[in-house]
There are 2 protein chains.
Amino acid sequence: MGVRKMRAAGTREALKAAARAQFVERGYLNTKITDITSAAGRATGVFYDHFTDKEQLLNELLAEMHSQARERLAGQAHPREHDLTDRAQLREHLGATWHVMRDNLPVMTALFESTMSAGPSSDRAWRSLTGDTAVIRAHLDWLRESGHQLPGDPTLIAAAIGGMLSMLGYAVLSSGATDLSDDEIVDSLTAFVLHGLAGPGATADPRS
Amino acid sequence: MGVRKMRAAGTREALKAAARAQFVERGYLNTKITDITSAAGRATGVFYDHFTDKEQLLNELLAEMHSQARERLAGQAHPREHDLTDRAQLREHLGATWHVMRDNLPVMTALFESTMSAGPSSDRAWRSLTGDTAVIRAHLDWLRESGHQLPGDPTLIAAAIGGMLSMLGYAVLSSGATDLSDDEIVDSLTAFVLHGLAGPGATADPRS
DNA sequence: GTCTATAGTAAGATAGAC
DNA sequence: GTCTATCTTACTATAGAC
């Protein structure tokens with residue numbers, strides 16, 4: 001790679017880093033092209049030498065996040081036959097999701113805003129939700145096939161779990177509004193998703 | 001009320017009705033002032049004789065929704081001592097929320113978009129979520145005081161339930177993407193929130 | 001109160017020098 | 001590749017006639 005291309009790559013990365021910073025600070029929708037370039041210490045026009053528009057930049061950041069997440073999960077066997085009614089396996093799933101959200105807060109929140117701004121009639125929220133929860137749904141399908149009684153349609157329940165996680169993740173992670181630790185939160189969500197409000201039935205733990 | 005004021009009131013209502021229609025069709029953020037006025041069959045400038053801006057209009061629609069919801073619940077006793085671990089009482093709560101969302105889809109989705117567009121650093125999502133789930137939290141507090149073991153901090157669990165409902169409501173109601181009926185959805189959510197994925201413990205229903 | 005016409009503003013996008 | 005300067009567009013908001 002020649003020196004010209006290296007500088008260019010540097011600028012490209014600088015723009016992406018600046019974009020991430022601006023997205024958490026101002027929000028994706030309120031971030032103007034000039035906010036990104038000036039935060040990166042570059043001139044306005046440079047942006048268009050690297051990206052066609054803000055949306056394309058977001059797509060690139062998104063792709064990075066996905067490949068990063070894939071990398072993180074690579075090597076770990078992840079069969080459809082995970083048992084989400086097993087506390088440890090459920091916790092593993094919820095914890096992984098939570099930490100991916102935390103680690104990629106700028107991109108996660110930007111995606112959220114972008115999805116919302118597409119408007120209700122676009123179906124984008126539903127497609128995102130079902131897409132992002134396809135893995136959960138596969139596990140639920142398997143549970144059902146194994147004879148386990150689910151609370152409802154696997155796609156719906158998976159979407160419900162995904163909606164809970166994403167909305168709560170957005171609200172909590174972006175605001176730092178609670179003093180609960182990540183572990184406490186994931187523990188609580190695990191207990192809730194596992195046994196709901198009523199608790200583990202007859203084997204209730206008498207701690208208050 | 002004189003005839004002049006009546007026409008004005010008519011225009012005001014026409015603008016609000018047009019706004020609702022546009023909000024579901026284009027989304028709140030993408031709806032321009034001129035979209036509203038022309039859908040109402042009025043001139044652009046008229047808008048500013050009735051509202052200062054789009055946000056104020058939304059606040060007015062929101063107030064209407066709230067008073068409507070309050071009216072609906074009026075007369076029904078609603079003490080803090082509701083037992084959310086009772087299936088019927090839980091279903092009542094979830095169903096009421098679901099139907100308020102459906103009945104006020106334009107306003108609900110607009111509020112959603114508006115909240116998101118405030119950006120992550122604004123805390124607005126967290127404040128909305130905790131505010132809207134204050135009632136649930138009160139019920140959970142009471143449960144805990146009665147010696148029931150909750151899955152986690154009441155504010156967090158209430159927010160989790162609220163996040164699940166609002167995200168799922170937005171995705172499902174705005175898209176009509178599923179063929180499940182409202183009753184089926186509310187039943188499923190009730191079962192899920194009540195007993196989670198593991199089901200009602202030892203008393204599991206052997207239907208598959 | 002409502003209209004038409006227009007001023008004002010903000011941001012996206014590009015042209016051309018270096 | 002990067003810069004400065006500018007063009008363009010889209011929308012908000014107001015002014016003034018009716």
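Throughout, protein chains are lettered first and strands after them, A, B, ... in sequence-line order, and every chain is numbered starting at 1.
- Atoms CG and CZ, from A:Asp49 and A:Arg42 in turn, are 12.0 Å apart once rounded to the nearest 0.5 Å.
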Polar atom pairs (N or O), protein with nucleotides 15-18 of chain C, under 3.5 Å:
none

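- End-to-end axis angle for the helix from C:dG1-D:dC18 to C:dC18-D:dG1, using five pairs per end and rounding to 10°, comes out at 10°.
- In this structure, B:Phe51 places its CZ atom 12 Å from P of C:dG1, rounding to the nearest Å.
- Annotation: proximity of residues 28-37 of chain B to DNA chain D (heavy atom, distance under 4.0 Å) is found for B:Lys32, B:Ile33, numbered in ascending order.
- Applying the side-chain hydrogen bond (donor to acceptor under 3.5 Å, both in side chains) rule to A:Asp83 yields the partners A:Thr85; only residues at least two apart in sequence or on another chain are considered.
- As a whole-Å value, the separation of A:Phe47 CZ from D:dG1 P is 16 Å.
- Looking at A:His78 and A:Val135, their side chains come closer than 4.5 Å, going by heavy atoms from C-beta outward.
- With rounding to whole Å, B:Tyr48 atom OH is found 18 Å from C:dT6 atom P.
- With distances taken from any side-chain atom of B:Thr44 to the nucleotides C:dA13, D:dT2, D:dA13, the minimum falls on D:dA13.
- A centroid separation of 6.0 Å or more is found between the aromatic rings of B:His195 and A:His195.
- Counting heavy-atom neighbours within 6.0 Å of B:Gln76 CD, excluding the residue itself, gives a total above 12.
- Whole-Å rounding puts the B:Leu57 CG to D:dA13 P distance at 12 Å.
- The side-chain hydrogen bond (donor to acceptor under 3.5 Å, both in side chains) contacts involving residues 22-39 of chain B comprise B:Gln22-B:Arg26, where partners must be two or more places apart or lie in separate chains.
- Between the CG atom in B:Leu111 and the CG atom in B:Asp132 there is a gap of 7.5 Å [rounded to 0.5 Å].
- Among residue pairs with one or both ends in residues 111-127 of chain A, those qualifying as side-chain hydrogen bond (donor to acceptor under 3.5 Å, both in side chains) are A:Ser114-A:Arg124, A:Thr115-A:Arg124; sequence neighbours excluded.
- Applying the 4.0 Å criterion to OP1 and OP2 of D:dT2, one finds that A:His50 has a side-chain N or O inside that range.
- When the C1' atom of D:dT4 is taken as reference, atom CZ of A:Arg42 falls 16 Å away, rounded to whole Å.
- The CG atom of A:Asp53 sits 11 Å away from the C1' atom of C:dA13 (whole-angstrom rounding).
- Across A:Asp182, A:Val172, A:Thr97, a single residue satisfies side chain to side chain contact (heavy atoms under 4.5 Å, CB included) together with A:Arg102, and that is A:Asp182.
- B:Ala160 approaches A:Leu189 most closely through the heavy-atom pair CB-CD2, 4.0 Å.
- As rounded to whole Å, 13 Å separates atom C1' of D:dG1 from atom CZ of A:Arg12.
- Between B:Asp49 atom CG and C:dT4 atom C1' the separation is 13 Å, expressed in whole Å.
- Residues B:Ala43 and A:Thr52 each lie close to DNA chain C; by heavy-atom proximity, the contact nearer the 5' end of the strand is made by B:Ala43.
- Using cut-offs of 30° and 60° for the angle between ring planes, the A:Tyr170 and A:Phe112 rings count as parallel.
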